[in-house]
Amino acid sequence: MAVALPSFLTAIMIMSRLMAFIGITRNNDMSSKLQSLVIAPKLSYDPSAIESASQDFGHIVKAVPQAVLLPSSPWDIASLVNFSYSNSVPFIIAARGNSHSVNGQAMAKNGVVIDMTSMKNGNGTGIRIASDGSYADVGGQQFWIDVLNATLGLGLTPVSWTDYLYLTVGGTLSNAGISGQTFQYGPQISNVYEIDVITGTADFVTCSPNNNSDLFYAALGGLGQFGIITRARIPLEPAPKRVKWVRMLYTDFSDFTRDQELLISKNGRNDNKALNYLEGSLLLDQGSLDNWRSSFFQPQDQPKIISLITKFRIVYCLEIVKHYDGQTKTTVDKDLQQLLKGLSYLPGFMFEKDAKYEEFLNRVHSEELKLKAKGLWDVPHPWLNLFIPKSKISDFNDGVFKSIVLQRNITTGPVLVYPMNRKKWDDRMSAVIPDEEIFYTVGLLQSSGFDDWRTFEDQNKEILQFCEKAGIKVKQYLPHYTTKEGWVNHFGSKWSTFQKRKLQFDPKLLLSPGQRIFNNNE
Ligand code: FAD
């Protein structure tokens, strides 16, 4: 008799927990077996390596692994996965990119964490650019800033980015990779030709839309559940030289969103007249004008902006960019004016900057350095990132920004709000987005002290409860749930495919346990 998938999976999950339990009681046994492997010299038990693998950018969750693998090639990774997969007592394994998750997603309690960045110095794929310049083959361990620097050297660039570039290619492709380019190019996962993946069965598979497509679609946005991405082939285009970078302020939310939606309606990939980047954010009384979203406003403009915020308590800031180079230098201002014609921003509250392309893309890093110097970077980050259907964004503004956020008055750090187009995403991939054609991303990217992050987590819970009560069907980005029910709801109609793929590519539930999808007790 065929076993029904859910009950089979439940049985595997129970087995895996049992194995994890046995594993804990046999730690010494596991360590001695690991030491017999060829990769033993690349396993670190050094307290400082263990300590850093137990933490992440969130500074909220802590999970201590047994060991940290410092691979120098994908074969080291395959060897570790193969050992666990074939072992009578398998152990859990987490690829760790730059550990910029905020809820322990790259951790493996009592298991092995793979420090992907150690491959930067090894024999894995570094960054190789095709001779015709049409793509780059990039190791999953590479930071996006390295990809930018390498491609710019040849006058080329990827087209879809994240706001911050000290994230790994494998880490962002496991989520989606979004920023102000997403409305036009789609997320980073929509801009990948091919990937190499080491699955949970230790198979080394090259996949693309035409080759092993199930694994390709599973791994992109797959939260590390199906395999470890060791190479991605990223399309490239000629790089612009400079950007016109504009911020406009609004006090009326519907004016702000109407203008955002109008601007993203021009979104053809090759449309020279379209914008190249669009985001939006909240300026709040309690937040500094210059948090890590970059010191954009000139000192002479700040007093009038601050008095606007003091008067209205929330000001909405629309941010756009238009690229240009030697050829378009003389027309860029006219094109920009044409695009901004008829917008409803507050007269006198448009601010402009001219910057190098790479300075704009790497804008968060300079703020990171400033915050680091003040000891304000490596602090708890109780973040909440949501996707909200366009039809409910105004209800969200009333119930969350104007009520919860203003009443609690604790939010520090950037609060992002900007729309994107569903048609630029590929629904065959694992990433989950709302059903509507236009949806917004909202990111409450809060920083807190080490003793008050729970207050922010309470606010996050209140926001989610409000959405549920108000019938706002949000989807979390960089999702974090602690129950199976939460995950089933999150994936909705994609859940059965997600489960089936897990069974196919990681049947022993070894990979990325810190996501707590199949390993809720880890
Ligand atoms: P990690 O946190 O190390 O890992 C994330 C998950 O992916 C884990 O489950 C891990 O096991 C898995 N994983 C890691 N590497 C691989 C691999 N090679 N193969 C398979 N699975 C792997 N995101 C955006 O989309 N847009 C933004 O603009 C943006 N800005 C950010 C700014 C800051 C300051 C920070 C801290 C985060 C930002 N993020 C943004 C979120 C970021 O994309 C995710 O947290 C991402 O997971 C971080 O990448 P990482 O390399 O540090 O991954």
Side-chain angles (χ1 to χ4, degrees), residues 57-58 60 100-103 105 162-164 172 174-180 182-183 187 189 221 223 253 256-257 260-261 264 278-282 284 287 293 314 316 381-406 408 410-422 424-425 430-447 456-483 485-492 494 515 517:
F57 186 78
I60 289 169
H100 273 43
S101 295
V102 294
N103 288 110
Q105 286 92 335
T162 47
D163 291 352
Y164 176 64
T172 70
S174 298
N175 285 294
I178 56 168
S179 185
T182 308
F183 80 91
I189 51 173
L223 306 174
F253 188 70
F256 169 67
T257 51
Q260 284 190 319
E261 288 167 23
I264 68 156
L278 178 141
E279 288 200 0
S281 59
L282 261 52
L284 293 167
R293 289 281 299 161
I314 298 184
Y316 306 98
H381 292 103
W383 285 12
L384 181 65
N385 283 279
L386 300 173
F387 290 145
I388 296 155
K390 165 191 146 144
S391 63
K392 298 286 181 183
I393 194 66
S394 167
D395 296 350
F396 189 90
N397 176 54
D398 292 339
V400 175
F401 296 148
K402 289 190 150 177
S403 301
I404 299 173
V405 168
L406 284 188
R408 288 198 176 234
I410 52 172
T411 302
T412 48
V415 180
L416 308 182
V417 196
Y418 60 92
M420 38 190 91
N421 299 302
R422 191 175 213 284
K424 304 283 177 172
W425 295 62
S430 296
V432 176
I433 55 175
D435 278 336
E436 291 183 14
E437 189 41 52
I438 292 176
F439 62 92
Y440 279 76
T441 183
V442 166
L444 290 118
L445 310 182
Q446 314 173 99
S447 302
F456 291 80
E457 297 266 275
D458 287 347
Q459 173 170 287
N460 293 344
K461 273 188 208 137
E462 192 185 344
I463 292 171
L464 291 171
Q465 279 163 3
F466 163 78
C467 291
E468 197 170 333
K469 271 202 203 132
I472 304 178
K473 293 200 172 106
V474 300
K475 292 291 177 193
Q476 285 190 34
Y477 179 54
L478 314 173
H480 169 60
Y481 298 96
T482 50
T483 62
E485 193 197 354
W487 284 111
V488 174
N489 284 338
H490 172 74
F491 283 105
K494 285 191 173 180
Q515 298 278 2
I517 304 174

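As the structure is a computational prediction, the values presented were derived from the model and not from experiment.
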Measure across [X] and [Y] and return the closest heavy-atom pair with its distance rounded to 0.1 Å.
X: F456; Y: P382; value: CB-CG, 3.3 Å
X: T182; Y: P187; value: CG2-N, 3.5 Å
X: G221; Y: S430; value: O-CB, 3.4 Å
X: H480; Y: Q476; value: N-OE1, 3.0 Å
X: V102; Y: I60; value: O-CB, 4.5 Å
X: S179; Y: D163; value: OG-OD1, 2.6 Å

Close side-chain approach of [X] and [Y], heavy atoms under 4.5 Å:
X: L278; Y: P419; value: yes
X: N489; Y: Y481; value: no
X: W383; Y: L444; value: no
X: R422; Y: D435; value: yes
X: V405; Y: V415; value: no
X: L223; Y: W487; value: yes
X: V474; Y: F466; value: no
X: I433; Y: M420; value: no

Say whether, by atom type as modelled, one donor and one acceptor occur between the side chain of [X] and the main chain of [Y] under 3.5 angstrom.
X: E436; Y: S391; value: yes
X: S403; Y: D398; value: yes
X: K494; Y: A431; value: yes
X: H381; Y: F57; value: yes

Under the side-chain contact (heavy atoms from CB on, under 4.5 Å) rule, what do T162 and I178 come out as? Steps first, then yes or no, please.
CA-CA 5 Å; T162 47; I178 56 168; over 6 Å; no

[X] side, atom [atom1]; [Y] side, atom [atom2] - distance, nearest 0.5 Å:
X: L445; Y: T411; atom1: CG; atom2: OG1; result: 10.5 Å
X: T441; Y: E279; atom1: OG1; atom2: CD; result: 8.5 Å
X: L386; Y: L478; atom1: CG; atom2: CG; result: 10.0 Å
X: F491; Y: I517; atom1: CZ; atom2: CD1; result: 5.0 Å
X: F256; Y: S394; atom1: CZ; atom2: OG; result: 12.5 Å
X: K424; Y: E437; atom1: NZ; atom2: CD; result: 10.0 Å

For E261, check salt bridge (charged side-chain N to carboxylate O under 4.0 Å, His left out) against everything at least two apart and list the hits.
K390

Report the C-alpha distance between Q260 and F183 in whole Å, list the side-chain angles of each, state the deciding distance to 0.1 Å, and finish with yes or no for side-chain contact (heavy atoms from CB on, under 4.5 Å).
CA-CA 10 Å; Q260 284 190 319; F183 80 91; over 6 Å; no

Parallel, tilted or perpendicular: which describes the rings of Y164 and H100, with under 30° parallel and over 60° perpendicular?
parallel

After noting the C-alpha distance and the side-chain angles of N397 and Y316, does the key distance pass the side chain to side chain donor-acceptor pair (under 3.5 Å) rule?
CA-CA 11 Å; N397 176 54; Y316 306 98; 2.7 Å; yes

Check side-chain hydrogen bond (donor to acceptor under 3.5 Å, both in side chains) between N460 and all other residues, then give those that pass, not counting sequence neighbours.
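Result, side-chain hydrogen bond (donor to acceptor under 3.5 Å, both in side chains) vs N460: Q446.
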
Can you check side-chain contact (heavy atoms from CB on, under 4.5 Å) on L384 and L464, steps first, answer last?
CA-CA 9 Å; L384 181 65; L464 291 171; 4.2 Å; yes

Working for side chain to side chain donor-acceptor pair (under 3.5 Å), residues S174 and Q105:
CA-CA 11 Å; S174 298; Q105 286 92 335; over 6 Å; no

Using the side-chain contact (heavy atoms from CB on, under 4.5 Å) rule, take I393 and F253 through it: C-alpha gap first, then chi angles, then the decisive distance, then the call.
CA-CA 10 Å; I393 194 66; F253 188 70; 3.8 Å; yes

